[in-house]
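Just the heavy atoms: all of them, side chains too, but no hydrogens, waters or symmetry mates, feed the values below. Computed from a predicted model, the values in this text were never measured in an experiment.
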Amino acid sequence: MKQAIFSSAFFGVVISIAGYALGMFLRRKFKFSFINPLLISVLFVMGILLLLGIDYDTYNIGGRHISYLLTPATACLAIPLYQQFHLLKKHKKAVALGIFAGVFSSLGSILALSYLFGLTHEQYVTLLPKSITTAIGIGLSAELGGIETITVAAIILTGIFGNIVAQGVFKVFRITHPVAMGLALGVSSHAIGTAKALELGEVQGAMSSLSIAVAGLLTVVCASFFAMLL
């Protein structure tokens with residue numbers, strides 16, 4: 001009976017949504033930036049699986065259905081961009097340079113740290129897509145010969161970390177312009193960062209949405225070249 005419940009298509013979905021709902025509740029109640037709903041959800045699901053002795057493959061029978069919503073959810077981020085399109089035209093040079101700088105900083109830092117820590121080529125290309133959305137990152141990792149599951153983990157951790165520290169970084173470096181804030185979050189922390197950008201304001205959310213798409217495409221183009229450097 002238990003195995004039938006655990007293997008059902010609903011079990012993985014239910015505990016995933018329950019974990020996220022718990023994270024949202026804790027975030028609203030305590031209002032601490034490090035209480036990220038996605039992080040709480042991940043820890044909640046891990047705890048349930050360990051407590052009940054359920055392996056990942058069994059959980060993923062139902063849990064994988066949530067990932068089907070990833071691509072349309074990412075596409076929906078175009079809505080705030082459309083609403084703030086006049087700002088894109090006004091700041092087009094700054095937007096272009098900001099996205100280029102963010103992408104090359106991400107790829108360059110991975111290359112430098114891979115040399116420093118002696119990573120293999122497989123490990124190196126696995127981490128190259130860490131700052132782009134999962135929908136693009138998985139395919140890029142597979143094409144470059146990386147380990148897709150680790151790429152997904154790196155992308156999620158990058159997004160959560162960016163979401164948590166963003167406001168602190170903005171305060172330290174006195175970044176107050178909404179366009180700059182949105183670009184920084186989108187380029188470095190993809191969709192999870194964009195969630196934080198939308199909390200900060202419509203302009204930040206729109207610029208972050210734009211940078212996700214452009215940074216993803218630029219990373220796909222440039223990653224093949226960077227992959228040959230190690």
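Heavy-atom contacts from other residues, nucleotides or ligands closer than 6.0 Å to CZ of Phe161 number 12 or fewer.
Cluster annotation: Val214 is not connected to Val221 through the hydrophobic network of ILVMFWY side chains, with a link wherever side-chain heavy atoms come within less than 4.5 Å. Hydrophobic clustering, with ILVMFWY side chains joined whenever heavy atoms are under 4.5 angstrom apart, groups Phe25 together with Ile48. Connection of Tyr20 to Val14 is not established within any shared hydrophobic cluster, with ILVMFWY side chains joined at heavy-atom distances below 4.5 Å, either directly or through further cluster members. When the side chains of ILVMFWY residues are joined at heavy-atom separations under 4.5 Å, either directly or via intervening members, Ile54 and Leu50 end up in two distinct hydrophobic clusters. One hydrophobic cluster holds both Leu49 and Leu52 under the rule that ILVMFWY side chains link at heavy-atom gaps under 4.5 Å.
Applying the side chain to side chain donor-acceptor pair (under 3.5 Å) test to residues at least two apart or on different chains, none of the pairs has a partner in residues 37-52. For residues 220-230, no residue pair satisfies the side chain to side chain donor-acceptor pair (under 3.5 Å) rule, not counting sequence neighbours.
Leu111 CG to Leu229 CG: the interatomic distance, rounded to the nearest 0.5 Å, is 5.5 Å. For the atom pair OH of Tyr115 and OH of Tyr124, the computed distance is 7.5 Å after rounding to the nearest 0.5 Å. Taking CD1 from Ile15 and OH from Tyr59, the interatomic distance works out to 5.5 Å, rounded to the nearest 0.5 Å. One finds the CG atom of Leu218 at 11.5 Å from the OG atom of Ser211 (value rounded to the nearest 0.5 Å). In this structure, CD1 in Ile110 is found 12.0 Å from CD in Gln123, a value given to the nearest 0.5 Å. Here the CD1 atom belonging to Ile138 is positioned 9.0 Å from the OG1 atom belonging to Thr133, to the nearest 0.5 angstrom.
Taking all atoms of both residues into account, the shortest heavy-atom contact from Gly205 to Ser209 is O-OG, 2.7 Å. In this structure, Ala227 and His121 approach most closely via the heavy-atom pair O-CE1, 3.0 Å. The two residues Ser208 and Thr194 come nearest to each other via the heavy atoms OG-OG1, 2.7 Å. The shortest heavy-atom contact between Gln204 and Ala197 is CB-O, 3.4 Å. Taking every heavy atom of both residues into account, Pro129 and Val125 meet most closely at CD-O, 3.4 Å.
Met46 belongs to a hydrophobic cluster with Val42, counting contacts under 4.5 Å between side-chain heavy atoms of Ile, Leu, Val, Met, Phe, Trp and Tyr, direct or through other members. Apart from Ile150 itself, the hydrophobic cluster it occupies contains Ile147, where clustering links Ile, Leu, Val, Met, Phe, Trp and Tyr at side-chain heavy-atom distances under 4.5 Å.
Checking side-chain atoms of Ser141 against main-chain N and O of Gly137 turns up no donor-acceptor pair under 3.5 Å. Not a single donor-acceptor pair under 3.5 Å links the side chain of Thr126 to the backbone N or O of Thr151.
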Table please: side-chain donor-acceptor pairs of residues 174-193 below 3.5 Å, with sequence neighbours left out.
{"residue": "His177", "atom": "ND1", "partner": "Val179", "partner atom": "N", "Å": "3.1"}
{"residue": "Ser188", "atom": "OG", "partner": "Ala184", "partner atom": "O", "Å": "2.5"}
{"residue": "His190", "atom": "NE2", "partner": "Ile155", "partner atom": "O", "Å": "2.7"}

Per-pair distances, 0.1 Å, donor-acceptor, side chain in residues 96-108, under 3.5 Å, sequence neighbours excluded:
{"residue": "Ser105", "atom": "OG", "partner": "Ala101", "partner atom": "O", "Å": "2.6"}
{"residue": "Ser106", "atom": "OG", "partner": "Ser131", "partner atom": "OG", "Å": "3.3"}

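Looking at heavy atoms from C-beta onward, Asn163 lies out of side-chain contact with Leu39 at the 4.5 angstrom threshold. Using a 4.5 Å heavy-atom threshold, the side chains of Met24 and Arg27 count as separate.
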Inset, instruction - Start with the C-alpha gap between Leu128 and Leu140, add the side-chain angles, then the distance that decides, and say whether side-chain contact (heavy atoms from CB on, under 4.5 Å) holds. - result: CA-CA 9 Å; Leu128 276 179; Leu140 180 59; 5.8 Å; no
Inset, instruction - Any chance you could lay out the side-chain contact (heavy atoms from CB on, under 4.5 Å) test for Leu210 and Val95, step after step, and finish with the verdict? - result: CA-CA 9 Å; Leu210 168 68; Val95 169; 3.5 Å; yes
